[in-house]
Student: 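I'd like to ask you about the structure that follows.
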Number of protein chains: 2
Amino acid sequence: MMIDYASLLKKSDLKATFQRISILKDIDTKGHSSIDDIYDEVVKVYPSLSLATVYKNIILMVEKSVLVEVPIVGKKSKYELIKDDHIHLICTQCEEVEDRPYNRNTDTIFNTISQEQNFQLEKQQINLYGICSVCQV
Amino acid sequence: MMIDYASLLKKSDLKATFQRISILKDIDTKGHSSIDDIYDEVVKVYPSLSLATVYKNIILMVEKSVLVEVPIVGKKSKYELIKDDHIHLICTQCEEVEDRPYNRNTDTIFNTISQEQNFQLEKQQINLYGICSVCQV
DNA sequence: CTCTGTGCAAAGCGTTTGCAAACGA
DNA sequence: TCGTTTGCAAACGCTTTGCACAGAG
């Protein structure tokens with residue numbers, strides 16, 4: 001958190017507009033945000049924001065590998081900043097997503113499977129769906 | 001494969017129509033199909049099929065836990081028959097999805113993480129994205 | 001100053017809905 | 001026969017697009 005979003009954008013040949021920085025800040029602060037989450041949040045501090053601008057920028061930042069799409073069963077995708085591989089705990093009740101680090105074996109397992117299948121691994125997404133501690137009454 | 005789809009449907013209080021059986025057969029044969037895959041296939045043997053019927057039935061069969069949605073980064077979801085936990089190898093080139101069984105450690109890892117986080121695990125989806133052996137020139 | 005990015009409104013599509021007719025049990 | 005399911009066409013809502021203006025570098 002508290003990354004220099006402007007540098008992050010420039011590194012990817014994207015101009016550091018207030019809209020883009022606000023989008024990144026929202027995602028970074030929350031961890032995972034949907035398009036609507038982002039729009040609702042950023043429009044508060046920048047009322048003239050257009051939803052189309054959010055769409056355009058998310059698409060662009062995913063292409064540039066600044067963001068990663070996290071598709072979720074039965075809901076709209078969320079987006080997160082690119083980061084080390086990790087596990088998602090996705091609450092089916094409150095829809096929050098929490099990250100947990102891989103343990104030492106996790107990587108090995110997936111690499112082994114990929115090698116056995118002669119599969120050229122590019123990206124991995126481990127999603128555990130369930131009820132988070134907060135929602136368990 | 002070659003399951004008794006009619007019984008499967010009746011077990012879930014769904015009438016065994018030709019449309020539903022054909023949808024299940026397509027998914028079971030291919031392993032994983034998108035809505036459009038299914039429509040394109042079934043309409044061949046049942047030309048009066050409506051796309052709306054496919055949508056309605058997929059939604060229904062997911063609710064009844066006959067099918068499971070597999071959301072995929074940057075593409076439309078695919079659907080599979082419900083089955084034991086497994087890993088998806090998703091080819092980013094040809095879009096094929098292949099299943100691989102969990103090895104002995106996989107379950108342990110996810111159960112451990114869930115317990116540590118007091119997370120009530122309901123469902124898990126492990127997706128490995130990359131290039132399948134066929135597409136590696 | 002130049003080229004990129006934004007906002008707006010319209011267009012485009014995938015998905016859902018309502019209803020009469022057809023069908024399964 | 002009765003309740004469910006289907007097909008059609010319309011409605012919906014999310015996403016994308018084109019273009020003139022604004023803004024970053």
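Note on naming: letters A, B, ... go to the chains in the order of the sequence lines (proteins, then strands), and numbering restarts at 1 for each one.
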Student: Between P on C/dT16 and OH on B/Tyr39, what's the gap in Å once rounded to a whole number?
Tutor: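 After rounding, the reported distance stands at 16 Å.
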Student: Let me know the distance between CD1 of A/Ile59 and P of D/dT17, rounded to the nearest Å.
Tutor: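 The answer, rounded to whole Å, is 7 Å.
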Student: Going by an N to O cut-off under 4.0 Å, is there a salt bridge joining A/Lys78 and A/Glu80?
Tutor: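 Answer for the salt bridge query: no.
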Student: Please check if any side-chain donor atom of A/Thr108 sits under 3.5 Å from a side-chain acceptor atom of A/Asn105, or the reverse.
Tutor: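 There is no such pair (donor and acceptor under 3.5 Å, judged by atom type) between the side chains of A/Thr108 and A/Asn105.
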Student: For the pair made of CG in B/Leu9 and C1' in D/dT6, what is the distance, rounded to whole Å?
Tutor: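 Roughly 15 Å, once rounded to whole Å.
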Student: So, using side chain to side chain donor-acceptor pair (under 3.5 Å) as the criterion, who are the partners of A/Ser48 when residues are at least two apart?
Tutor: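 Listed in chain order: nothing, the list is empty.
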Student: To the nearest Å, give me how far apart CG (B/Asp37) and P (C/dG14) are.
Tutor: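 Rounded to the whole Å, the gap is 14 Å.
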Student: Check the angle between the aromatic planes of A/His86 and A/His32 and answer parallel, tilted or perpendicular using the 30° and 60° thresholds.
Tutor: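 Because their plane-to-plane angle lies in the 30° to 60° range, the rings of A/His86 and A/His32 count as tilted.
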Student: For DNA chain D, what residues of residues 60-76 of chain B have any heavy atom nearer than 4.0 Å?
Tutor: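 Close to the strand, none.
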Student: Could you tell me the separation between the CG atom of B/Asp13 and the P atom of D/dG3, rounded to a whole number of Å?
Tutor: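 Value for this atom pair: 16 Å.
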Student: Using only side-chain N and O atoms of B/Ser48, determine if any of them is under 4.0 Å from OP1 or OP2 of D/dG7.
Tutor: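 For D/dG7, OP1 or OP2 has a side-chain N or O of B/Ser48 closer than 4.0 Å.
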Student: Could you please name the option among C/dC8, C/dT17, C/dG5 that lies closest to any side-chain atom of A/Ala52?
Tutor: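 Closest nucleotide to the A/Ala52 side chain: C/dC8.
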Student: Of all the choices, C/dT6, C/dC8, D/dG7, which nucleotide is nearest to the side chain of A/Thr53 once you look at every atom?
Tutor: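 Side chain of A/Thr53 sits closest to C/dT6.
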Student: Tell me: CD1 of A/Ile21 to C1' of D/dG23, nearest whole Å?
Tutor: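 Between C1' of D/dG23 and CD1 of A/Ile21: 13 Å.
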Student: Report the nucleotide, chosen from C/dT17, C/dG7, C/dT6, that has the shortest atom-to-atom distance to any side-chain atom of A/Leu49.
Tutor: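 When the side chain of A/Leu49 is considered, C/dG7 is the closest of C/dT17, C/dG7, C/dT6.
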Student: When you check the gap from the basic side-chain N to the acidic O, do B/Lys30 and B/Asp37 get nearer than 4.0 Å?
Tutor: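 Result for this pair is no, no salt bridge flagged.
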Student: Which part of the nucleic acid does B/Ile35 contact within heavy-atom distance under 4.0 Å: base, sugar-phosphate only, or nothing?
Tutor: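 B/Ile35: no heavy atom of the nucleic acid under 4.0 Å.
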Student: In whole Å, what is the span from the CD1 atom of A/Ile58 to the C1' atom of D/dT16?
Tutor: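 Interatomic distance, CD1 of A/Ile58 to C1' of D/dT16: 15 Å.
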Student: Does B/Ser50 reach the main-chain N or O of B/Ala52 with its side chain, forming a donor-acceptor pair under 3.5 Å?
Tutor: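 Pair found, side chain donor or acceptor close to backbone of B/Ala52.
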Student: Is B/Asn111 reaching over with its side chain to a backbone N or O of B/Asp107, donor-acceptor style, under 3.5 angstrom?
Tutor: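 Indeed, once roles are kept as given, a pair shorter than 3.5 Å links the two residues.
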Student: OP1, OP2 of D/dT6 versus side-chain N and O of B/Arg20: anything below 4.0 Å?
Tutor: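 Indeed, a polar side-chain atom of B/Arg20 lies that close.
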Student: For side chain to side chain donor-acceptor pair (under 3.5 Å), just list the numbers for B/Thr92 and A/Glu122, CA-CA rounded to whole Å, side-chain angles, deciding distance to a tenth of an Å, and then say yes or no.
Tutor: CA-CA 9 Å; B/Thr92 51; A/Glu122 292 171 344; 3.1 Å; yes
Student: Taking 4.0 Å as the cut-off, does a side-chain nitrogen or oxygen of A/Gln19 come that near to OP1 or OP2 on D/dG23?
Tutor: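 For A/Gln19, the contact criterion (side-chain N or O under 4.0 Å from OP1 or OP2 of D/dG23) is not met.
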Student: Distances for protein N/O vs nucleotides 19-25 of chain C N/O pairs under 3.5 angstrom?
Tutor:
residue, atom, partner, partner atom, Å
C/dG24, N2, B/Lys15, NZ, 3.3
C/dG24, N3, B/Lys15, NZ, 3.3
C/dA25, OP1, B/Ala16, N, 3.3

Student: Please test B/Ile87 against B/Asp99 for side chain to side chain contact (heavy atoms under 4.5 Å, CB included), starting from the C-alpha separation and ending with a verdict.
Tutor: CA-CA 6 Å; B/Ile87 292 173; B/Asp99 292 345; over 6 Å; no
